[in-house]
**Student:** 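This is the structure I have questions about; it appears just below.
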2 protein chains.
Amino acid sequence: MDGSHWLSMRPVAEKLAQNGHKVVVLTAESSLSMNGSDLYTALTYSISYSKEDLVSRLEMFGSDHFTPSYFPGVTITMYNNMQEVFRIYGDVCKSLLSNAELIQNLKDEKFDALMTDPFSLCGTILAEYLDMPTVMFLRGMPCSFDYISGQCPTPLSYVPKLFTTFTDHMTFIQRLQNVFVSLFDSVLFDILYSPYAKLATEFLKRDVSVMDLYRRASIWLLTYDFVFEFPKPIIPNMVFIGGINCANRQSVFQDFEKLVNSSGEHGFVVFSLGSMVSEIPMDKAMDIAEAFRSIPQTVIWRYTGKVPSNLGSNTHLVKWLPQNDLLAHPKARAFITHAGSHGIYEGICNAVPMVMLPLFGDQMDNAKRIESRGAGVTLNVLDMTPEDLINALDSVINKPSYKENIQRLSALHLDRPIHPLDLAVHWVEFVMRHKGAPHLRPAAHDLNWIQYHSLDVFAFLLAVLVTTFFISFKCCTYTCRRCCGRKSRPKSKSKKE
Amino acid sequence: MDGSHWLSMRPVAEKLAQNGHKVVVLTAESSLSMNGSDLYTALTYSISYSKEDLVSRLEMFGSDHFTPSYFPGVTITMYNNMQEVFRIYGDVCKSLLSNAELIQNLKDEKFDALMTDPFSLCGTILAEYLDMPTVMFLRGMPCSFDYISGQCPTPLSYVPKLFTTFTDHMTFIQRLQNVFVSLFDSVLFDILYSPYAKLATEFLKRDVSVMDLYRRASIWLLTYDFVFEFPKPIIPNMVFIGGINCANRQSVFQDFEKLVNSSGEHGFVVFSLGSMVSEIPMDKAMDIAEAFRSIPQTVIWRYTGKVPSNLGSNTHLVKWLPQNDLLAHPKARAFITHAGSHGIYEGICNAVPMVMLPLFGDQMDNAKRIESRGAGVTLNVLDMTPEDLINALDSVINKPSYKENIQRLSALHLDRPIHPLDLAVHWVEFVMRHKGAPHLRPAAHDLNWIQYHSLDVFAFLLAVLVTTFFISFKCCTYTCRRCCGRKSRPKSKSKKE
């Protein structure tokens with residue numbers, strides 16, 4: 001997986017290499033974020049997209065979310081964008097699987113395990129082909145397919161589906177909507193992943209379903225914990241590594257030292273919309289710059305677009321920023337974020353209250369989770385006025401409850417018996433040492449839908465009940481008829497006589 | 001909790017004290033196994049039973065399981081024994097709660113947390129009264145009440161109920177029985193725990209249910225893992241600390257050194273029926289001694305009864321044995337155990353295959369778990385002949401599969417990122433630091449049964465469906481009548497005319 005998904009996988013690959021393992025990272029030639037490393041071997045394969053191609057598609061994808069749109073337009077755009085993302089992933093996967101030389105090389109290596117983000121099925125198809133135990137590494141899958149294919153129960157009454165932005169305390173109407181969304185899960189999943197099923201069947205030269213492929217997961221490494229996510233049932237082969245991306249790199253931070261120290265008693269605000277959105281429409285940029293002019297804090301804004309003419313002297317535009325290092329600074333007062341899971345965890349790790357401008361994917365849900373804990377304020381980037389942003393920043397910076405709540409979340413998150421990076425590495429190595437983790441696989445995988453829900457048992461009990469009732473009824477009527485018959489027959493006989 | 005339950009709690013209490021906490025252990029004056037310690041303060045309270053009383057009741061309880069009995073006698077004995085155990089626990093609890101001076105002392109101390117085995121509700125009632133966050137420490141509760149009160153789903157199709165001795169792969173008939181057992185869960189639980197509810201209501205001076213009390217659990221420390229237990233859904237505040245009792249104490253072991261070293265190439269067998277059963281009927285003891293005479297291994301047998309006259313020279317009777325230290329010795333060839341969870345984990349930790357003679361409680365289920373993994377053989381202690389025991393020992397010692405399987409289980413169990421004792425201590429300290437762990441509590445606790453199962457949502461959907469159908473039907477019939485009416489009315493009119 002490319003893009004932001006790779007950011008938290010990389011430290012695991014590096015730590016595994018430092019532990020003495022040979023780590024091979026499969027990278028498309030035109031990759032967005034998967035640069036090489038001294039620690040691991042990067043094996044590249046050519047794809048039909050140039051890097052410029054991918055970047056321009058990504059920018060288009062990002063800018064789509066700044067165009068005001070309402071139902072059904074917004075849903076159609078979202079659907080089309082999702083289809084486009086899956087089409088690109090599918091094309092990249094096709095390029096990888098059709099690279100016979102590379103596949104043969106991988107086969108010859110006889111690896112001990114494969115780690116993949118299951119958002120794209122490609123790694124899992126490869127693991128099946130090379131017969132390798134698989135570690136899934138993810139924030140979450142569309143349609144909760146991680147929980148469905150892992151055979152983990154998710155009661156719809158308090159486990160909100162992704163993209164609903166509900167909390168775990170739902171009203172009746174929300175629970176109704178949650179059930180509705182779940183009804184369409186398998187349909188949407190089928191639309192998104194059916195091209196992969198075709199690809200897998202061609203490549204593996206046998207009929208195979210997407211569910212079969214995902215079921216081979218030995219361990220699910222999930223990049224969240226229950227400080228952020230609402231508590232819900234889990235299964236023993238799910239391992240929670242939220243905050244794995246919060247690593248300070250002091251050397252990079254030195255460049256920003258002067259800027260940060262000059263921020264005075266009011267401190268500074270960090271603003272980034274993530275790796276996928278670095279430019280925004282000028283009117284929106286001017287609204288934001290207008291808001292920043294009126295706050296006493298210094299603002300460090302990751303932005304590569306045209307400079308807004310009303311930019312205040314307290315606002316500094318940068319092409320890149322060491323987000324976690326800046327948030328770790330005691331003078332960091334607030335974090336304006338698109339609410340990607342990486343950013344959210346950097347906010348939690350460093351106890352910086354957030355103003356969240358979610359754009360797409362899981363970002364609305366992420367924002368809801370922080371907002372419902374009173375540790376941040378969510379704004380709609382399309383509707384918000386400069387005043388909204390000023391008020392939101394004023395709240396999270398000056399109302400003590402926001403700082404207290406994020407400090408509470410941070411304390412809970414950081415109070416763990418083992419660092420999430422070490423935990424992730426442990427489980428990858430575990431899978432390598434033991435050729436998987438079959439002892440953690442629920443037996444539910446071996447049951448069909450009817451058996452799993454004990455429908456055959458209940459049908460049998462019902463049949464027994466009905467039969468018993470029927471026989472009792474027949475016995476009663478027979479007995480009654482006999483009794484009545486005895487009384488009535490003589491009568492008719494006597495009549496005849 | 002007294003008896004064997006205390007054995008794995010003690011190291012946690014000691015480690016907490018070593019970490020600088022003040023630890024107070026509440027102990028009944030006539031305790032079976034809760035001796036004092038230099039590390040923690042033992043606060044005692046008087047009860048109406050003497051130690052001799054308890055020991056004799058326990059012995060009676062143990063010897064009951066050596067009396068051949070069949071259905072329904074065996075079930076009635078089991079039920080009466082369980083009632084008797086709960087009556088004693090209830091009496092002990094009454095003594096504690098009515099000790100006003102002690103309760104006031106505890107109140108004055110203002111503790112940070114309370115750790116209790118929820119098998120007896122007493123600790124939980126006290127925690128409620130003193131308003132302390134509670135850590136539950138247990139192997140399991142009757143009727144899966146730990147999972148029920150924790151709001152953890154347990155699909156009956158592959159999660160066998162305790163006391164059924166089923167595995168996670170059940171036949172149709174077994175799944176049917178599993179459903180049946182679950183139907184009687186709440187009835188049995190009510191019988192066992194209703195006296196506690198009365199006691200709690202009196203002590204807390206307000207109506208309170210057993211479910212309410214158990215729901216206050218912050219963390220469930222469960223003394224097993226999924227090497228032993230069948231994988232099943234869990235919830236985030238369940239922590240698995242199986243094997244917490246496997247600690248080597250080399251100093252104690254020295255006394256047995258000579259015996260063990262003299263066992264020669266055939267090694268030795270360890271035999272213990274646990275802390276509750278140290279004597280057995282003479283005919284059974286002679287059968288067992290007879291079997292031991294014919295095997296080439298040295299046998300170390302924990303036994304306090306009359307010496308069987310046919311005891312072989314290779315069999316050594318001891319009043320007490322350092323079980324884990326002996327099993328850790330490379331010459332240990334087999335472990336004959338009653339399959340209590342402590343013993344089972346010592347067998348797993350040290351990779352010693354087992355011959356299991358389960359007697360009561362969870363022991364049959366424990367034995368089934370090891371047997372189903374091919375790491376041990378289960379015998380019925382009532383029916384077994386000397387030949388059965390000889391054959392079982394021969395299998396586990398000489399068939400390589402048993403050793404291989406227990407070694408595999410042992411390797412899986414010991415390959416963990418943190419020792420279970422450190423994990424348990426971490427979570428107790430976590431609860432102390434954060435005044436509980438409310439962020440891990442599923443929102444299911446705030447829903448009623450109808451809401452939890454979304455029955456109101458489905459009822460609403462059904463109502464909408466029926467109403468829609470009814471209105472459509474009415475519209476159709478109305479339209480039809482209108483259409484037909486138009487055709488027929490003129491006719492009738494013309495008829496009238």
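The sequence lines fix the lettering, A, B, ..., with proteins before strands; numbering per chain opens at 1. Everything numeric here is computed off the predicted structure, so don't read it as measured data.
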**Student:** Going by residue number, which parts of residues 215-231 of chain A are within reach of chain B, meaning a heavy-atom gap below 4.5 Å?
**Tutor:**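 Heavy-atom contacts from residues 215-231 of chain A to chain B are A:Phe226, A:Val227, A:Pro231.
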**Student:** What part of A:Pro155 gets closer than 4.5 Å to chain B, counting heavy atoms only: side chain, backbone, both or neither?
**Tutor:**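 Contact with chain B involves the side chain of A:Pro155 alone.
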**Student:** With a 4.5 angstrom heavy-atom cut-off, which part of A:Ile173 approaches chain B: side chain, backbone, both or neither?
**Tutor:**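 Looking at A:Ile173, nothing touches chain B.
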**Student:** Counting heavy-atom pairs under 4.5 Å to chain A, which of B:Ile235, B:Asp415, B:Leu176 comes out on top?
**Tutor:**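 Ranked by heavy-atom pairs under 4.5 Å with chain A, first place is B:Asp415.
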**Student:** What's the verdict on side chain to side chain contact (heavy atoms under 4.5 Å, CB included) for A:Asp446 and B:Tyr158, showing C-alpha distance, side-chain angles and the deciding distance?
**Tutor:** CA-CA 9 Å; A:Asp446 306 321; B:Tyr158 71 97; over 6 Å; no
**Student:** Any idea which heavy atoms bring B:Pro236 and A:Lys232 closest together, and the distance?
**Tutor:**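 Closest approach of B:Pro236 to A:Lys232: CD-O, 3.2 Å.
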**Student:** Looking at A:Pro233, A:Pro442, A:Ser157, A:Cys152, which has the largest count of heavy-atom pairs under 4.5 Å with chain B?
**Tutor:**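 If we count pairs closer than 4.5 Å to chain B, A:Ser157 comes out on top.
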**Student:** Can you name the nearest heavy-atom pair linking A:Pro417 to B:Ile418, along with the distance?
**Tutor:**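 For A:Pro417 and B:Ile418, the tightest heavy-atom pair comes out as CB-CD1, 3.4 Å.
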**Student:** What part of A:Glu429 lies closer than 4.5 angstrom to a heavy atom of chain B: side chain, backbone, both or neither?
**Tutor:**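 Answer is neither: A:Glu429 stays 4.5 Å or more from chain B.
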**Student:** Among B:Val159, B:Val179, B:Leu412, single out the residue with the greatest number of heavy-atom pairs under 4.5 Å to chain A.
**Tutor:**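 Option with the top pair count is B:Leu412.
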**Student:** With a 4.5 angstrom heavy-atom cut-off, which part of A:Arg441 approaches chain B: side chain, backbone, both or neither?
**Tutor:**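 Looking at A:Arg441, just its backbone touches chain B.
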**Student:** Side chain, backbone, both or neither: which part of A:Ala437 has an atom under 4.5 Å from a heavy atom of chain B?
**Tutor:**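 For A:Ala437, no heavy atom lies under 4.5 Å from chain B.
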**Student:** Which one of A:Asp168, A:Ile234, A:Leu423 has the most heavy-atom pairs closer than 4.5 Å to chain B?
**Tutor:**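 Looking at each of A:Asp168, A:Ile234, A:Leu423 in turn, A:Ile234 comes out on top.
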**Student:** Could you look at A:Phe458 and say if it's the side chain, the backbone, both or neither that has a heavy atom under 4.5 Å from chain B?
**Tutor:**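 Side chain only.
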**Student:** Within a radius of less than 6.0 Å around CZ of A:Phe184, do more than 12 heavy atoms belonging to other residues, nucleotides or ligands occur?
**Tutor:**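 Not more than 12 within 6.0 Å, no.
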**Student:** What part of B:Leu461 gets within 4.5 angstrom of chain A, counting heavy atoms only: side chain, backbone, both, or neither?
**Tutor:**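 B:Leu461 touches chain A through side-chain heavy atoms alone.
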**Student:** Picking from A:Arg416, A:His426, A:Arg433, which has the most non-hydrogen pairs under 4.5 angstrom with chain B?
**Tutor:**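 Highest number of pairs under 4.5 Å: A:His426.
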**Student:** Please determine whether the number of non-hydrogen atoms from other residues, nucleotides or ligands lying under 6.0 Å from atom CZ of B:Phe180 exceeds 12.
**Tutor:**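 Counting neighbours around CZ of B:Phe180, 12 or fewer heavy atoms of other residues, nucleotides or ligands fall under 6.0 Å, so no.
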